[in-house]
Structures are given as C-alpha cells and as structure tokens.
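Each chain gets a letter, A, B and so on, in the order its sequence line appears, and its residues count up from 1. Bear in mind that the values here come from a model prediction, so they are computed numbers and not experimental data.
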Amino acid sequence: MSLSTQPYKGARDFYPEDKQVQNYIFGVMRSVAKSYGYQEYDAPILEPTDLYRAKGSEEIVNEQTYTFEDRGGRSVTIRTEMTPSVSRMVAGRRQELAYPVRWFSIPGLWRYERPQRGRLREFWQLNVDIFGVPGIEADHEIISVADSIMQAYGASRDMYVIKISSRKLLEFTITDYLGIEPEKVSDTIRLLDRVHKMDKLDFSHKFNEITNKPESQDKLWDLIENCNNLDRLPQELKAHDSYKELKDLMRLFAKTGILNAEFDITLTRGFDYYTDVVFEVFDLAPENNRSLFGGGRYDGLVGLFGVEPVPTVGFGMGDVTIKDFLETHKLLPKLLHDTQLCVLLVSEVYAAVQPLLGELRAQGLSVAVDSSGRKIDKQLKSAVKAGYQYVLFVGEQELESGEYKIKNLENSQERVIPAYEIANYILNNAK
RNA sequence: GCGGGUUUAGCUCAGUUGGUUAGAGCGUCGGGUUGUGGUUCCGAAGGUCGUGGGUUCGAUCCCCAUAACUCGCCCCA
C-alpha cells in the first residue's frame, strides 16, 4: 500500500504558486491594518479547552473543535478563532496597555467541519480589533479598515455591500416592540437570521411556534419589508438610543466615501458574544452571492477574565472566502516569480559564472541559475513557465567580454549591458 | 451530523450494451533548429480505470461497502 499524496481532509497544500497568492492576500491585509495604526500580535495554536467552553456552547467544543488530552492529562484545543485568545491577552495586561489598543493578527485556525465551498477545516483569518473605545468611532474605524482592505484588493463598490445592524436595537425590537418574552429572544434571532432563505408561510409557522405571538406578525413583516431603511423605522424604535447611533454611523460612512454600507435589521450574525453594532460584508456577484466576513462590538469578553470590561470592536476575515471573492471578480493580479533574475547558460560555464552570481547576489538581487545543461530554447521555455521576469544569457563570449545580454520576458526587450549595471537595470525597472 | 453528484494518464475528459494489447486534447520529456520562449512539425514517456469485497468463465463497466472531491442542509464563534 502506498501513501496518499493528498493533504488531510479540509486542509490545503500550498505549492509555491499558491503560497504566493496567499502572501499577496495577507500582504494587503497587513499593509492596510498597519496604515490604520494596528500592530501585529500572535498567540499559541493550542489553548486550554476551558477557554472555548467559557464563552461558547458545549456543543461547539464537542463537535467542531480538534480537542485532545496532552501528556499531562490536560484537555487542549487547537484554536478555532482568535477572539478568546486576544481577549485573554488584553485582560492579562488590562492595566498597563496604552488605549486605544489597535491589534491585528492572521492566525491559522482549525475547525472540525464538513468542507464545502468557502469553508475548510484549516484556514487563516485576519483579526482586527480595537480596545478601549466605547463610542461608534471604533465601529466606524473597524468597518473602515475592512472596507479599505476590499478597496486595496481592487474591489469596486458594486461588488459588495456592507450590512449594518445593532444587537441592542434588535433585542429591544423583539422584546419591547414585538412583545416577545426575553427568554425567546435567542430563538427568534436565529429564525430571523434565516428569513431570506425560507418562504413566508414557513417562517410564519415557525414564528408563531417560537413566540406564541401571532398578533405581532404584521408589525414584524412591516419591519422586514423596510429592513434596509433606517428612516422608515417606527417611532418607538427611533426613540431607542441605538437608532441615533446607527444614524450617526451611517453619516460617518457617507462622509468617508463608504457608500455601499446599508442598514439591515435582519442581520444578526448568529448568536454569540456581540453586544451592539454588528456588520457583515456580502458578495453581490450572482454566482457567489454569500456572506464574506463580518464583525461587531463585543464589550463583554475581556471582562470574563476577571478584570474590568474593556469596550471592543473587531472583525475576522477568512482567507478561503476572500480568495473565492477575488477569483470570482477576477481581482487576483498575475504574480511574477519572487526571484528577480534567472541566468541561462548557453554553454558549459556553470563554474565560470559563479563569481558573477556572487556579485549580483551581494548587490541584493535574487538570482537563480538554470543548471540543467539543456539547450537554450528549453531553458528559456522553463524560465517563461516559471514566471521569471528577467533572464541573462551567459556563455564564453560574455564571460570574456564582460558584456551580457539581458532579456525582459514580459516585453521581449533585450539589452547588452556590462555586469556592474545588471542589478541597477533590474531594480530601476521594477515596479 | 444528513442528502445529492462525481472519481479513467500530471490536467480536462471520452469510452467499453461485461470479452484479449483502455483513448483524445492539453501538459511533460526528447528531436527537427550545436545562442532565444509565449504561434510550427515529428517522436516518446506516463494508467494495477479511487480503494476493498461480491456476482461472473471473465469486471474499468453490474452489486455492496469505504474514502476523497463537490453541491446543498444543519451549523457557522
């Protein structure tokens, strides 16, 4: 029996060309996060299982994590998200941090799921969080970072929409406006989350079943039909503090050019630790019409570690869904080989060319050499396939004269230049 | 966890109503062209037909199981 060459279920091999794409995707995330003043951090891949039990349900820990006992009998879990870890880190230095704290990370995460489009077992997720700002300024900044990343990928505003809602407003709506009992809030939210996926009759039955409030249906449908329009909310909801906050937030977006942000009261983000404003970015392409990523405010998590709570807003952006988005919209750039120059040997001069290679590398150039001994046309073909931008032809003639022919494979231009100009020539032409 | 689809060469896929040596295009490698590719021509290599079992004189094909991939559902921190 031979070993399989396939990677583990739901995990990917990153061949150099795949890794290059990943590096590009992460590079954009990194540079945008840094441009907003965020600093990179990391945490262990393994966490005590209790960390996830504390805030999540037992079910999630049991069914969707890689959990096992270490040699000391401790239950440990491979991290499934970064939020508990970063909350722990902030809590650990609650008193000494300089607020507002702006942190980001791109951790590798594992979830025991059935793989499907946009969802694997091993994935990476950009996490961007701001700690210590209670007002909507933090919500605005976090959503701006998310939007700037999309813009940096080259996405236009008609490719995606940023939906905004508020957990506070939603809960107030359910309990006070619709008159549903508080203990039924979470089931109602869950149902509301799926309203666009099911038909009206089905929804009505389930709604009555859960809430026992059939008389509230008309009010709810009225809300849902106008769910995108903040101004059309009934007066009772406009009187709530969240209305003014959302209004201010939308004004800020308008002012900063984020014109594809819209209010949507049916946006719930599942049922987790979010406490106030939540947002979710959706792909508008018909063939990939799905949620891309999201986030929101979670003021309660840091406080779980026995310190004073810290107001927090953050989001997580997964590499799998964002790559699908970029592919769908043809936004992935053509990436050249990381190596700047490939030296082709037109005769057996491997030994004689070494001093030149050393010199070029000392000048900061990355240089590969085709040492296969094949004919020059084959070497050139391989260089094109590998994605090199420049090749240098070297034979006895060149070594003797000190003049080399360099070729730009993108535009087929050739030039003959002395050795000492090669590095400058490439670096000056680099984008 | 539940249901559907798929699995034949490195890739994309034909095919055999069950019968000897399983095909194409692309790609790879070599040559025509002893110093120039992304457009040519010629040739070659490469497959226990996903894996295990069953039916059969005989299975890549039929049956069962299993795995992987994939699309939905559940869930989505």
Side-chain angles (χ1 to χ4, degrees), chain A residues 1-12 15 47 51-65 77 79-87 107 109-121 123 125 127 189-190 193-194 197-198 268-274 278 280 287-288 290-296 298 300-301 314-318 320-321 334 342-349 370 372-399 404-414 416:
Chain A
M1 182 192 125
S2 69
L3 287 167
S4 171
T5 58
Q6 286 191 329
Y8 172 72
K9 185 184 175 86
R12 293 159 288 173
Y15 287 87
E47 290 281 4
L51 184 68
Y52 301 106
R53 288 218 177 91
K55 62 120 221 147
S57 73
E58 196 70 13
E59 193 184 321
I60 282 171
V61 170
N62 288 342
E63 293 177 8
Q64 295 204 282
T65 64
T77 296
R79 62 188 178 190
T80 58
E81 57 169 331
M82 202 54 164
T83 307
S85 301
V86 73
S87 299
L109 308 173
W110 285 82
R111 293 180 189 171
Y112 197 86
E113 310 225 43
R114 178 136 177 189
Q116 52 190 282
R117 179 168 169 83
R119 217 160 145 191
L120 300 174
R121 288 182 171 179
F123 61 99
Q125 188 187 61
N127 278 249
I189 287 179
R190 238 172 238 268
D193 192 28
R194 295 185 311 170
K197 283 188 189 172
M198 47 204 300
T268 62
R269 297 273 311 145
F271 190 60
D272 44 27
Y273 42 61
Y274 293 114
V278 291
E280 195 157 338
E287 68 271 29
N288 194 45
R290 63 204 324 259
S291 161
L292 292 172
F293 65 96
Y298 53 103
L301 264 194
F315 74 90
M317 181 188 234
V320 184
T321 43
K334 189 179 168 244
C342 184
V343 172
L344 308 186
L345 307 180
V346 298
S347 56
E348 289 179 26
V349 290
D370 191 330
S372 67
R374 292 173 302 172
K375 289 180 185 168
I376 199 66
D377 59 325
K378 303 291 181 191
Q379 293 187 41
L380 192 56
K381 224 170 174 174
S382 287
V384 169
K385 187 174 181 186
Y388 292 108
Q389 193 182 352
Y390 291 99
V391 292
L392 192 74
F393 296 95
V394 179
E396 273 105 9
Q397 270 179 42
E398 286 82 359
L399 288 168
Y404 297 86
K405 203 184 286 177
I406 187 164
K407 179 165 189 165
N408 182 334
L409 292 179
E410 278 193 302
N411 56 21
S412 299
Q413 277 183 5
E414 287 187 8
V416 177

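Checked by distance alone, A:Lys405 brings a side-chain donor or acceptor within 3.5 Å of a matching partner on the base of B:rU36. Counting atom types as modelled, A:Glu410 pairs no side-chain N or O with a base atom of B:rG38 as donor and acceptor under 3.5 Å. No N or O donor and acceptor, one from the side chain of A:Thr83 and one from the base of B:rA77, sit under 3.5 Å apart. Between the base of B:rU36 and the side chain of A:Glu414 there is a donor-acceptor pair shorter than 3.5 Å. Residue A:Gln397 places a side-chain atom within donor-acceptor reach of the base of B:rG35, judged by atom type and a 3.5 Å distance cut-off alone. For a distance-only test at 3.5 Å, the side chain of A:Ser412 qualifies as a donor-acceptor partner of the base of B:rG38.
The nucleotide B:rC61 finds no pairing partner, because no Watson-Crick or G-U wobble arrangement with both distances shorter than 3.5 Å includes it. Nucleotide B:rG23 is matched to B:rC13 when pairs are restricted to Watson-Crick or G-U wobble geometry with both distances under 3.5 angstrom. A 3.5 Å limit on both hydrogen-bonding distances identifies no Watson-Crick or G-U partner for B:rU39. Base-pair partner of B:rA44: B:rU28 (Watson-Crick or G-U wobble, both distances under 3.5 Å).
For the pair A:Arg119 CZ and B:rC71 P, the computed distance is 13 Å after rounding to whole Å. Rounded to an integer number of Å, the gap from A:Lys375 NZ to B:rU34 P is 6 Å. Nucleotide B:rC75 holds its C1' atom 11 Å from the CZ atom of A:Arg111, rounded to whole Å. In this structure, CD of A:Gln116 is placed 17 Å from P of B:rG4, rounded to the nearest angstrom. Rounded to whole angstrom, the span from the CG atom of A:Asp377 across to the C1' atom of B:rU33 amounts to 8 Å. Between A:Leu380 atom CG and B:rG38 atom C1' the separation is 9 Å, expressed in whole Å. The interatomic distance linking A:Arg194 (CZ) with B:rC74 (C1') rounds to 9 Å, in whole Å.
Projected onto RNA chain B by closest heavy-atom contact, A:Tyr8 and A:Arg290 fall at different nucleotides, the more 5' of which corresponds to A:Tyr8. Toward the 5′ end of RNA chain B lies the nearest nucleotide of A:Gly118, the other residue of the pair A:Gly118 and A:Asp193 mapping further downstream.
For A:Arg121 (side chain) and A:Glu113 (main-chain N/O), a donor-acceptor pair under 3.5 Å exists by modelled atom type.
Comparing the P positions of B:rC71 and B:rU34 gives a spacing of 50 Å, expressed to the nearest Å.
Applying the 4.0 Å criterion to OP1 and OP2 of B:rU36, one finds that A:Lys378 has every side-chain N and O outside that range. Between A:Lys9 and B:rA68 there is a side-chain polar atom (N or O) within less than 4.0 angstrom of OP1 or OP2. Neither OP1 nor OP2 of B:rG72 sits under 4.0 Å from any side-chain N or O of A:Arg114.
Contact annotation: the side chain of A:Phe393 never approaches that of A:Leu345 to less than 4.5 Å [non-hydrogen atoms, C-beta and beyond].
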